[in-house]
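In what follows, a structure is listed as structure tokens, so that the remarks can point back to it.
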Amino acid sequence: MRPALLLAILIATGSGLAASPSFTVDATRSAGKVSPKLYGLMTEEINHAYDGGLYAELIQNRAFLDDAKSPVHWSVVKDDASDAAIALDPANPLNGKLPTSLRLTVTQTTKDHPAGVANSGYWGIPVHPKTQYRASLWARAEAGFSGPLTVSIISEDGRTVYASEKISGVASAWKKFEVTLKTGNVAPTAQARFEVTLDQPGTIWLNVVSLFPPTWNDRPNGLRKDIMQMLVDLNPKFLRFPGGNYVEGNKIEDRFPWAKTLGPIEDRPGHACCWGYRSSDGLGLLEFLEWCEDMNAEPVLAVYAGYSLQGDHVKAGPELEPFVKEALDEIEYVIGDPNTTWGARRAKDGHPAPFKLNYVEIGNEDYFEQAKTYDARYAQISDAIRAKYPQLKLISTIPQAKLDGRKADMVDMHDYSATDEFVKKSGNYGADMNRHGPEIFVGEWAAHEDATVRPWEAAAHKLPPTPTMKAAIGDGVFMAALERNADIIKMHCYAPLLVNVNPGARQWRPNLIGYDALSAYGSPSYYAIQMFSRNLGDEILPVTFSNTSVQGCATRDSQTGEIIVKLVNPELTPQSLPIEIKGVTALASKATVITLAGNPEDTNSASHPINVVPVTTTLSGVKPSFTYTLPPNSIVVIRLKARL
Ligand code: AHR
């Protein structure tokens with residue numbers, strides 16, 4: 001261990017002798033390079049993160065496969081002068097991949113009393129003013145019926161039609177129809193539904209009924225703009241996908257079926273996700289990769305490694321071989337030349353150029369496996385990947401020492417802890433890390449307020465889906481620890497990232513970003529991460545903090561010479577802290593200070609989205625030694641400029 005590090009630990013743990021508080025940044029030397037990929041995002045289908053979240057599709061159960069017995073999320077539209085019935089119909093499938101369609105039989109209807117079917121969306125259909133929605137559906141009709149169909153976005157009480165268009169030409173063969181629905185200058189609301197109605201009796205069949213608002217970068221089958229903006233604002237350098245438990249599935253057959261998530265949406269059957277609902281797979285492998293490109297972040301691709309959440313595993317050896325091939329094919333889809341089988345498929349899907357890929361994670365949280373078979377599975381999968389793609393860095397989900405002699409380039413360590421625990425352990429975090437061992441990826445972490453309610457039981461306890469300022473303090477001390485150790489900790493990401501806040505939509509807390517159908521908001525933890533990731537130098541500067549409960553870190557931007565100090569005050573009282581920047585004779589007298597502060601219970605929500613947000617101020621009279629008073633329960637970033 002480096003002597004300076006040891007000294008920092010001794011002081012941080014209270015073994016120092018100095019009597020008054022101090023925070024010293026040693027600017028005479030660097031303790032290592034900050035990984036340029038330190039801050040990234042982790043993503044998985046949980047809490048309706050994609051369907052009903054980032055994936056902009058507004059129709060829930062568009063392919064009628066969410067429930068085998070009834071067309072859930074769909075209802076009959078009729079009034080006292082019209083009548084209709086709906087049913088799932090396996091006898092009239094759209095194709096071999098979507099085996100059930102919806103049969104709509106209208107027996108009584110007129111122009112003034114239409115009858116049909118409505119979808120309630122993901123907790124409402126969002127209506128925004130002066131907005132164009134892309135509606136599409138596949139339809140066929142019984143002989144003799146040719147329509148028209150009317151598709152509308154309409155208020156829940158049926159009284160206000162926000163946008164409406166006619167579709168004609170429905171015939172006995174399946175055909176895709178597309179229309180644009182335009183809203184006027186209306187007040188935003190999510191108390192709306194999507195309808196397909198008939199104004200003359202007849203029977204039709206529907207499938208892949210879809211409605212998209214404008215999407216990020218205007219991509220068809222794309223992502224929700226407001227949530228994407230929030231993600232881009234975090235300045236992420238990588239995206240870990242598709243899980244998490246989502247890559248594993250509850251059972252082996254429920255693993256992320258990447259090959260079935262490709263191509264037109266009418267070719268995607270979806271699959272059971274491990275959080276109690278079905279994923280449409282509209283956000284499939286190609287969309288994940290394009291999402292990375294749209295954020296200028298690189299993928300950290302997790303491949304299925306033969307272990308699923310409920311404990312099943314595939315035995316290493318011949319039984320695992322088909323899964324090894326699946327992983328190799330998946331990587332080929334991402335980076336294979338267009339003249340390879342899966343590279344050609346990617347080109348056909350619209351992306352001839354290989355994507356950027358450096359990191360592949362083998363499995364997820366295999367340390368939970370009772371049977372302890374990961375070493376053999378890792379060996380078989382990593383051998384195959386290394387033989388074909390020696391340039392890739394491989395991430396294991398258990399420590400290197402347990403890998404039976406195989407090498408991991410990086411180890412993924414997860415950490416969900418209560419704020420008090422993070423405050424306690426972050427001061428000397430990293431002291432026992434092997435600086436010569438594999439690099440470290442903290443691929444999931446989050447502070448929660450206390451440990452009394454388990455994350456997956458929070459919704460039942462009616463706890464809010466996103467964390468409070470108290471949790472953000474835990475996040476802050478932990479991120480400071482990660483930055484101090486950013487020579488060996490190369491990447492990290494908070495989890496889970498996204499939550500649809502509607503009761504019934506969520507399975508976990510805390511989560512970083514909340515949203516309903518209409519809008520999205522960041523939790524205090526979101527703003528804490530944003531402050532950290534957007535204010536980062538490339539050199540780690542050693543820090544010592546003594547006789548204070550304030551924790552922190554410092555980095556320097558080697559291009560500009562700017563020193564960025566991050567401080568976290570977990571106390572409920574202001575903390576006056578003498579700060580010394582050692583080795584610097586002069587600093588610009590004005591510094592930029594960004595502060596996130598609030599009572600521990602303060603938080604943001606869909607109705608109060610910006611209750612707790614960072615505030616930027618200018619600090620005057622800065623010298624290499626100065627005293628700064630941190631507000632109670634606060635995270636503070638100070639950008640110190642070299643004197644020009
Ligand atoms: O982020 C929620 C879950 O926590 C992840 O899916 C899993 O990897 C972890 O246990």
Side-chain angles (χ1 to χ4, degrees), residues 40-47 49-51 53-55 238-262 268 270-289 291-292 298-314 320 322-334 355 357 359-369 373-374 377-378 380-382 384-385 392-398 408 410-414 441-444 491 493 495-498 507-508:
L41 302 177
M42 187 274 170
T43 169
E44 56 187 321
E45 182 58 288
I46 185 173
N47 303 315
Y50 308 149
D51 288 352
L54 180 64
Y55 179 52
F238 67 87
L239 179 72
R240 174 178 179 241
F241 69 85
N245 297 141
Y246 187 54
V247 72
E248 303 166 38
N250 272 335
K251 302 229 168 265
I252 295 167
E253 61 270 25
D254 301 327
R255 67 194 179 280
F256 180 66
W258 65 268
K260 292 184 184 161
T261 71
L262 303 174
R268 303 188 196 188
H271 75 288
C273 110
C274 48
W275 298 102
Y277 58 95
R278 193 174 173 84
S279 167
S280 72
D281 290 338
L283 204 166
L285 180 55
L286 181 69
E287 287 77 20
F288 278 112
L289 296 163
W291 172 11
C292 292
E298 70 174 75
V300 173
L301 175 71
V303 295
Y304 180 70
Y307 164 66
S308 290
L309 185 57
Q310 289 178 355
D312 294 353
H313 76 267
V314 184
L320 191 65
F323 298 88
V324 175
K325 180 167 176 348
E326 259 182 32
L328 291 175
D329 288 349
E330 185 173 8
I331 296 169
E332 187 174 283
Y333 184 86
V334 181
F355 287 93
L357 181 71
Y359 292 95
V360 171
E361 179 157 6
I362 299 179
N364 177 61
E365 294 190 338
D366 293 78
Y367 48 80
F368 281 129
E369 192 199 12
T373 65
Y374 185 67
R377 290 186 285 110
Y378 179 88
Q380 191 173 342
I381 298 171
S382 68
I385 297 178
L392 292 178
K393 288 197 167 193
L394 301 184
I395 305 174
S396 81
T397 75
I398 68 172
M410 196 175 250
V411 175
D412 182 359
M413 297 175 13
H414 295 176
F441 176 31
V442 189
E444 290 181 30
M491 305 192 291
C493 41
L497 179 65
L498 299 171
Q507 295 84 40
W508 191 282

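This structure is a prediction, so every number in the text was calculated from the model and none was measured.
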Looking at every non-hydrogen atom in both residues, tell me the closest pair between [X] and [Y] and how far apart they are.
X: Ile331; Y: Leu392; result: CG2-CD1, 3.9 Å
X: Gly244; Y: Asn364; result: C-ND2, 3.2 Å
X: Ser308; Y: Gly249; result: CB-O, 3.3 Å
X: Gly243; Y: Ala302; result: O-CB, 3.6 Å
X: Ile395; Y: Tyr378; result: O-CE1, 4.2 Å
X: Asp51; Y: Ser280; result: OD2-N, 2.6 Å

Please tell me if the side chains of [X] and [Y] come closer than 4.5 Å, counting only heavy atoms from C-beta onward.
X: Phe323; Y: Arg377; answer: no
X: Tyr304; Y: Ile252; answer: yes
X: Pro242; Y: Trp258; answer: no
X: Met491; Y: Arg240; answer: no
X: Gln380; Y: Val324; answer: yes
X: Trp291; Y: Pro299; answer: no

_With side-chain hydrogen bond (donor to acceptor under 3.5 Å, both in side chains) as the test, pick out the partner of Glu45 among Tyr277, Tyr55, Trp275._
Tyr277

*For the side-chain hydrogen bond (donor to acceptor under 3.5 Å, both in side chains) test, which of Asp281, Thr261, Asp254 pairs with His271?*
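Going through the options one by one, the only one that passes is Asp281.
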
Please check this pair: side chain of [X] against backbone of [Y], looking for a donor-acceptor N/O pair closer than 3.5 Å.
X: Asn250; Y: Gln310; result: no
X: Asp412; Y: Ser396; result: no
X: Gln507; Y: Asn47; result: yes
X: Thr397; Y: Asp366; result: yes

*Please name the residue in the list Leu285, Val247, Val300 that meets the side-chain contact (heavy atoms from CB on, under 4.5 Å) test with Phe241.*
Leu285

_Ignoring hydrogens and geometry beyond distance, is a side-chain donor-acceptor pair present between Tyr50 and Thr43 at under 3.5 Å?_
yes

To the nearest 0.5 angstrom, please state how far the [atom1] atom of [X] sits from the [atom2] atom of [Y].
X: Cys273; Y: Asn245; atom1: SG; atom2: CG; result: 10.0 Å
X: Lys393; Y: Phe441; atom1: NZ; atom2: CZ; result: 13.0 Å
X: Leu301; Y: Tyr359; atom1: CG; atom2: OH; result: 14.0 Å
X: Met42; Y: Leu239; atom1: CE; atom2: CG; result: 9.5 Å
X: Leu394; Y: Ile381; atom1: CG; atom2: CD1; result: 10.0 Å
X: Arg255; Y: Glu253; atom1: CZ; atom2: CD; result: 8.0 Å

*With the threshold set at 4.0 Å, does a side-chain nitrogen-carboxylate oxygen contact exist between Arg268 and Glu287?*
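Looking at Glu287 together with Arg268, the answer is yes, because their closest N to O distance falls below 4.0 Å.
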
_Evaluation steps, side-chain contact (heavy atoms from CB on, under 4.5 Å), between Glu444 and Glu365_ = CA-CA 10 Å; Glu444 290 181 30; Glu365 294 190 338; 3.8 Å; yes

*Please work out whether the ring planes of His414 and Tyr367 are parallel, tilted or perpendicular, with thresholds of 30° and 60°.*
perpendicular

*asked:* Leu54 vs Leu497, test: side-chain contact (heavy atoms from CB on, under 4.5 Å). Steps then yes/no.
replied: CA-CA 11 Å; Leu54 180 64; Leu497 179 65; over 6 Å; no

_Distance flag, aromatic centroids of Tyr246 and Phe256, threshold under 6.0 Å_ =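 Yes, the ring of Phe256 comes within the 6.0 Å limit of the ring of Tyr246, centre to centre.
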
